[in-house]
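Naming convention: chains lettered A, B, ... in sequence-line order (proteins, then strands); numbering from 1 in each chain. This one's a predicted model, so the numbers in the text were calculated from it and none came from an experiment.
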2 protein chains.
Amino acid sequence: MRIDALDAALIRLLTDTPQLPVLECARRLGVARGTVTSRLARLHENGVIEGIVPRIDPRGFGYALTAFCQVEIDQKVGHDEVAEALASAIPEVVDMYTVTGASDMQLRLVAHSAEQLQEVLDRIALVPGVARTASSIAMRTHLSGRMLPLVEHAARG
Amino acid sequence: MRIDALDAALIRLLTDTPQLPVLECARRLGVARGTVTSRLARLHENGVIEGIVPRIDPRGFGYALTAFCQVEIDQKVGHDEVAEALASAIPEVVDMYTVTGASDMQLRLVAHSAEQLQEVLDRIALVPGVARTASSIAMRTHLSGRMLPLVEHAARG
DNA sequence: GGTGAAAGGTCATTAAG
DNA sequence: CTTAATGACCTTTCACC
């Protein structure tokens, strides 16, 4: 769908001020309540807003470390099969993609510490179909799921 | 902070049924309303729940492609400087980490198409301090920001 | 438990494409 | 003429004290 400046402003407002009442959104944006309601409905219908969900920070309960892991898959095993096995066996996997290039899958992991990360990587290596892994540790998180500039860029373009 | 089964159940409930009223949460969990309120306050204070925010899906407004980009930085330029420049110049960058290993930074990008991705990569290459990039395209997204199994694992362990 | 407030629904009117 | 926004009504429901 096409997005305009009002949609972008609404998304920014709800991102900056979570759970802001619809009525208050309408006041701050200088539009009627029904407008905000219908815009939100449209954004939901078109899948722009997947849902209003609690944003969980794993650091809040001890998972201070983020790491990336490139996985090579045994060619004889299906990707989906391995993906399914990894997803169910390793709760520390928060992102998982099948990618082009040297490796077959790209994971993002969290762990308590470097030592516990090693233990997680060991568990990954044991999953049937996983041939090889290469990993790197995130020293610093500059951006994580930053969407607002993109939304505003799309609203302009 | 330490998380128990009730916290995990509450987070799962709010994830499955966003914006569920506190009273209804209490009823479904079989606890008093005050318990839910205080648990939520604790989870917020300790940064476990950053906020109840709209989850934006860039595919909803035309960004169908996800890609990863490993960036090598010119050693003479500071990481933070390059990070700042990338963040402000390229709205298509949704994640950005400084990482250990062969490359210096790990990005996640979105784009409309393969051709537009190339254009984004060109813009990244032009950012001062960026020495080299290597990229791969996500063929499939298996998991994206999956937190619940981790929360429940933390509640048990 | 009571109260103030907001959500959600509907509708007629108005504006703009 | 069609789509969208507006402001006003209403009732139910929740959050807070």
Side-chain angles (χ1 to χ4, degrees), chain A residues 1-57 60-61 145 147-157, chain B residues 1-64 112 147-148 151 155:
Chain A
M1 74 174 278
R2 215 191 110 136
I3 282 190
D4 70 2
L6 182 59
D7 294 314
L10 183 56
I11 289 171
R12 169 172 284 277
L13 196 59
L14 285 173
T15 305
D16 292 346
T17 322
Q19 284 177 308
L20 194 72
V22 173
L23 193 69
E24 184 61 23
C25 290
R27 267 192 223 119
R28 296 203 194 176
L29 296 172
V31 295
R33 175 182 66 103
T35 307
V36 172
T37 308
S38 63
R39 290 303 185 108
L40 278 177
R42 252 169 47 91
L43 289 169
H44 271 99
E45 279 163 25
N46 292 83
V48 176
I49 298 180
E50 279 185 79
I52 311 268
V53 297
R55 188 179 161 87
I56 307 298
D57 184 355
F61 50 102
M147 288 293 167
L148 282 153
L150 184 70
V151 169
E152 278 156 7
H153 182 256
R156 277 192 295 273
Chain B
M1 74 175 278
R2 217 189 110 140
I3 281 188
D4 70 3
L6 181 59
D7 294 314
L10 183 56
I11 289 171
R12 170 171 283 277
L13 195 59
L14 285 174
T15 304
D16 293 345
T17 323
Q19 288 176 312
L20 195 72
V22 174
L23 197 70
E24 184 63 21
C25 289
R27 198 186 63 77
R28 297 202 195 175
L29 296 172
V31 296
R33 56 209 168 183
T35 308
V36 172
T37 308
S38 62
R39 288 303 183 108
L40 277 177
R42 249 169 47 91
L43 289 168
H44 272 97
E45 279 164 25
N46 292 84
V48 176
I49 299 180
E50 286 184 72
I52 312 250
V53 297
R55 187 180 162 87
I56 307 299
D57 185 355
R59 285 173 299 185
F61 49 103
Y63 290 84
H112 289 101
M147 287 294 164
L148 273 109
V151 169

Please report the distance, rounded to the nearest Å, between [atom1] in [X] and [atom2] in [N].
X	N	atom1	atom2	answer
A:D4	C:dG17	CG	C1'	14 Å
A:Q19	D:dA15	CD	P	10 Å
B:I52	D:dC14	CD1	P	16 Å
A:L6	C:dA16	CG	P	16 Å
A:R2	C:dG17	CZ	P	12 Å
A:R27	C:dA5	CZ	P	10 Å
A:L20	C:dA7	CG	P	8 Å
A:M1	D:dA4	CE	C1'	13 Å

If you look at every heavy atom in A:V36 and A:C25, which pair is closest and at what distance?
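Looking at all heavy atoms of both residues, the closest pair is CG1-CB, 4.1 Å.
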
Test side-chain contact (heavy atoms from CB on, under 4.5 Å) applied to B:M1 and B:L43, step by step:
CA-CA 9 Å; B:M1 74 175 278; B:L43 289 168; 4.2 Å; yes

Starting the side chain at C-beta, find the nucleotide from [options] nearest to [X].
X	options	value
B:P21	C:dA6, D:dC14, D:dA8	D:dC14
A:R33	C:dG9, D:dG7, C:dA6	C:dG9
A:L23	C:dA6, D:dC14, D:dA5	C:dA6

Is the phosphate of D:dA5 approached by A:R39 (side-chain N or O, under 4.0 Å from OP1 or OP2)?
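A:R39 to D:dA5 OP1/OP2: side-chain N or O found under 4.0 Å.
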
B:D16, B:L14, B:T15 screened by side chain to side chain contact (heavy atoms under 4.5 Å, CB included) with B:R12, the one that passes:
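Going through B:D16, B:L14, B:T15 one by one, the side chain to side chain contact (heavy atoms under 4.5 Å, CB included) with B:R12 is satisfied by B:D16 alone.
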
Using a strict cut-off of less than 4.0 Å between a Lys/Arg side-chain nitrogen and an Asp/Glu carboxylate oxygen, indicate whether A:R27 and A:E24 qualify as a salt bridge.
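Salt bridge between A:R27 and A:E24, a charged N being under 4.0 Å from a carboxylate O: yes.
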
Please classify the nucleic acid contact of A:T37 as base, sugar-phosphate, or nothing, using heavy-atom distances under 4.0 Å.
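If one applies the 4.0 Å heavy-atom cut-off, A:T37 turns out to touch nothing in the nucleic acid.
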
